Amino acid sequence: MLAHSLLNKAIQEALSKVYSISVNESEITLQKTRKEFEGDFTLVTFPYIKATKQSPEQVGDALGKFLTENNKNITKYNVVKGFLNLSLSNDFWLGFFNSESSVSNYGFKKEGTSGKTIMLEYSSPNTNKPLHLGHIRNNLLGYSVAEILKTQGHKVIKANLVNDRGVHICKSMLAWKKFGNGETPQSSGMKGDHLVGKYYVAFDKAYKKEIEELVSGGKTKEEAEKQAPLMLEVQEMLRKWEAGDKETIDLWKMMNGWVYDGFAKTYSTLGVNFDKMYYESNTYVLGKEIIQEGLAKKVFYKKDNGSVAIDLSAEGLDEKIVLRSDGTSVYITQDIGTAIERFKEFPQLNQLIYTVGNEQDYHFKVLFKILEKLGYNWAKECYHLSYGMVELPEGKMKSREGTVVDADDLLDEMFSTAEQTTKELGKVEGFSDEELKTLYHTIGSGALKYFMLKVDPKKKMLFDPKESIDFNGHTGPFIQYTYARIQSVLSKAGHIPAAADASVTLNELERELIKLIYEYPSVLEESAKAYNPSLIANYVYELTKSFNRFYHDYSILKEENEKVKQMRVMLAKQCSDIIKNGMKLLGIEVPNRM
RNA sequence: GGCCCCGUAGUUCAAUGGAUAGAACGAGCGUUUCCUAAACGCUAAAUCCAGGUUCGAUUCCUGGCGGGGCUACCA
């Protein structure tokens, strides 16, 4: 920011003094100078050719001359076509390095300073089967965006709305009751969510068989699906559940308990957490009264068959049913109710973010529009953090076709790959078994998390289980490795100086690193504004890559000039702090040794 | 059919309307008596097609082609 406000001011002055034209900041296009040219920042001069009636080169030359003559911080310039490349002084960069970037928590604003409170909902699993690769993207994204928002001084409430009721839950319950023989996680040694998932699959299998039999007995497929005895039983079970039947509720509680134990393990392995848990068994009744209010306000209307609907065709959407003709809720009814409930529960809430896949883009458009029509002015602060699907080489994951990549299995594979690679490289003598286990976890989950978060959340991504995830190149372990090397240097250096001597002249790579450090706060800001962790992931990679080149080309500890050596130690420290903090925002830990 | 998203090296990903479109993996070549070679360097390799707006388009607009998603009184 420092350099930008300095340059913006200087450029405004130059334009006014040289050409008598006044521009505001938004009319100044300032970008970082590309590597192949000399300079730190580049002003695009094309926009001024009309007002000045001169060529872009002439404008660049005149401005460059004025700037270097009138500002001691601007030392050099060169003009290439419509681009004026400006160099800031060694003193400027060293001054920034000594005062601005050497503070702790550089780039972070203190929590609460923005005065904004945000609820961010993510994860929101169903309790009928274990988590898979798609959930992993959701969890990593939600967690990371929450952490990134905190860096801007916002208070963030991480919320999880668990879908713990409904027909799909009853399917697992019924199958367990019929075929389970009392099997439990303890008796089978199976993780609770996987055990329940097994019965969900078992239900589906048995149900399909019944359908087949009915179809061969002369029914149509649709009739068979509705009349299959298992389906009738499941519906009966759901009715009992809603009526509070003790036996059904007990079974439901027991099996959901198994699932929660399983999820807790997966969440802990993934390193995600929540401040607030919501359960649909508590919230599914919400929203009905709101529908009545909406009817009174004429936002909704009653159809001939008794159902309640809203017409959104004027906004380019369709008619949407908000209450069935039998008076029961549809999914969006609950969503309307829970949103309103949350703003009542947290009156200080400024924003509500939903981390949900882009297949529900339409649903959220409708939801937000309805809230707006109901007159809630916070409706415009609701945001759908919509992310792309994770696809396999053969296409979308389909649980029925068994192409789902299980979260726990995948994480285990990552850990064992990390173990294998670490053993092959053989650099971990002196580690205890416990430390090794932690290291494999750090590297394995780091690889997976970085892999998923480096991609723009909005875009769909491809995951190829066969090729697995790399540990070299643009990856989490590459960044972790760089961090570990720096820690090794720092511990050998012993003392970390508080400031670099003002007489030091920065070389090209040192200067490049300091310029990257300078960018960090604005990367955090941008990333928060765009709800996009990939900006941080790619920035940290760029910093790491530049550091590795510096590390390769120059020695830190063997540098003979003591003042330069001190500066390099400090530089290494600042880079490693940013690597650590930045990775932490992605939910990734960094090891001191690997 | 209607609505929404996406098409960038062989592959996976980058690029607030700006310079010669960047990385990584894979391919080929090279670097270690030197702070950790999970590293560093070099070579080959891409904007789906056709128009338009602009001083300037991978980016914005229109049309085509190709891929995905949504379009329930399901969740």
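So you know, we letter chains A, B, ... as the sequences are listed, proteins then strands, and number each from 1. Predicted, not measured: the structure shown is a model, and the values here were computed from it.
Ring centers of A:Tyr520 and A:Tyr539: under 6.0 Å apart, within the cut-off.
The residue A:Phe471 sits close to a base: some heavy atom pair falls under 4.0 Å. When heavy atoms are screened at a 4.0 angstrom cut-off, A:Arg549 is found touching the sugar-phosphate backbone but no base atom. Within the 4.0 angstrom heavy-atom criterion, no nucleotide atom of any strand lies near A:Asn128. A:Ser386 comes within 4.0 angstrom of no nucleic acid atom, judged by non-hydrogen atoms across all strands. Across all strands, A:Tyr48 comes closer than 4.0 Å to no nucleic acid atom at all (heavy-atom distances). Backbone-only engagement by A:Lys545 is indicated by non-hydrogen atom pairs under 4.0 Å involving sugar-phosphate atoms exclusively. Within the 4.0 angstrom heavy-atom criterion, base atoms lie near A:Thr422. Note on A:Thr328: nothing from the nucleic acid sits closer than 4.0 angstrom, heavy atoms only. Residue-level contact check: A:Ile443 touches the bases, meaning some heavy atom is under 4.0 Å from a base atom. In this structure, A:Val330 reaches the sugar-phosphate backbone alone: every heavy-atom distance under 4.0 Å involves primed, P, OP1 or OP2 atoms, never a base. Residue contacts shown for A:Ala484 include a base, since a base heavy atom lies under 4.0 Å away.
The aromatic rings of A:His4 and A:Tyr518 lie parallel to each other, with less than 30° between the two planes, well short of the 60° mark. Note on ring orientation: taking the six-membered ring where Trp is involved, the planes of A:Phe547 and A:Tyr551 are tilted (angle from 30° to 60°). Ring geometry for A:Tyr531 versus A:Tyr383: interplanar angle under 30°, hence parallel rather than tilted (30 to 60°).
Between B:U54 and B:A39, the distance separating the two P atoms is 48 Å to the nearest Å. With P as the reference atom, B:C3 and B:U43 are 49 Å apart, rounded to whole Å.
In this structure, CD of A:Glu359 is placed 16 Å from C1' of B:C3, rounded to the nearest angstrom. If you measure from atom CG of A:Leu535 to atom P of B:A15, you get 7 Å, rounded to the nearest angstrom. Spacing between atom CZ of A:Phe550 and atom P of B:C40 amounts to 14 Å, rounded to whole angstrom units.
Comparing A:Leu439 and A:Gln31 along RNA chain B, the residue whose closest nucleotide (by nearest heavy atom) sits nearer the 5' end is A:Gln31. Comparing A:Pro47 and A:Leu317 by the nucleotide of RNA chain B that holds the closest heavy atom to each, the one mapping nearer the 5' end is A:Leu317.
Residues passing the ring-ring contact (aromatic ring centres under 6.0 Å, His included) test with A:Phe451 are A:Phe463, sequence neighbours excluded.
Side-chain nitrogen and oxygen atoms of A:Lys529 include none within less than 4.0 Å of the OP1 or OP2 phosphate oxygen of B:U16. At the phosphate of B:U36, OP1 or OP2 sits under 4.0 Å from a side-chain N or O atom of A:Ser488.
Shown for residues 160-172 of chain A: residues whose heavy atoms fall under 4.0 angstrom of RNA chain B, namely A:Asn163.
Listed by first and then second residue, the salt bridge (charged side-chain N to carboxylate O under 4.0 Å, His left out) pairs involving residues 44-54 of chain A amount to none (not counting sequence neighbours).
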Which pairs, protein N/O on one side and nucleotides 56-61 of chain B N/O on the other, fall under 3.5 Å?
none

Distances under 3.5 Å only, N/O to N/O: pair up the protein atoms with those of nucleotides 4-14 of chain B.
residue	atom	partner	partner atom	Å
B:C13	OP1	A:Leu462	N	2.8
B:A14	OP1	A:Asp456	N	2.7
B:A14	OP2	A:Lys459	NZ	3.3

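Ring stacking is absent between A:Tyr481 and B:A39, as the pair misses the limits of under 5.5 Å between centres and under 30 degrees between planes. Stacking between A:Phe83 and the base of B:A19 is present: ring centres sit under 5.5 Å apart and the planes differ by under 30 degrees. Once the 5.5 Å centre distance and the 30° plane angle are applied, the aromatic ring of A:Tyr551 is found not to be stacked with the base of B:A39.
With respect to A:Lys545 and A:Glu512, no salt bridge is recorded, no charged nitrogen being found less than 4.0 Å from a carboxylate O.
Both tests hold for A:Arg165 against A:Tyr284: distance to the six-membered ring centre under 6.0 Å, angle to the ring axis within 45°. No cation-pi contact links A:Lys171 to A:Tyr200, judged by a cut-off of 6.0 Å to the six-membered ring centre and 45° from its axis.
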Quiz item: Which string of ( ) [ ] | and . matches RNA chain B, if you list each base 5' to 3' and count Watson-Crick or G-U pairs only when both distances are under 3.5 Å?
Solution: (((((((..((((....[...)))).(((((.......)))))....(((((..]....))))))))))))....
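You'll find that the side chain of A:Tyr331 is closest to B:A75, out of B:A75, B:U36, B:G18. Among the nucleotides B:G18, B:C25, B:U36, the one closest to any side-chain atom of A:Phe46 is B:G18.
Residues A:Gln574 and A:Asp577 fail the side-chain proximity criterion, which asks for heavy atoms closer than 4.5 Å.
Looking only at atom types and distance, the side chain of A:Thr33 has a donor-acceptor partner in the side chain of A:Thr42 under 3.5 Å away. For the residue pair A:Tyr301 and A:Glu319, a side-chain donor N or O sits within less than 3.5 Å of a side-chain acceptor on the partner.
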Practice problem: Kindly indicate, with the supporting measurements, whether the criterion side chain to side chain contact (heavy atoms under 4.5 Å, CB included) is fulfilled by A:Tyr19 and A:Leu63. | Solution: CA-CA 9 Å; A:Tyr19 293 111; A:Leu63 292 178; 4.1 Å; yes
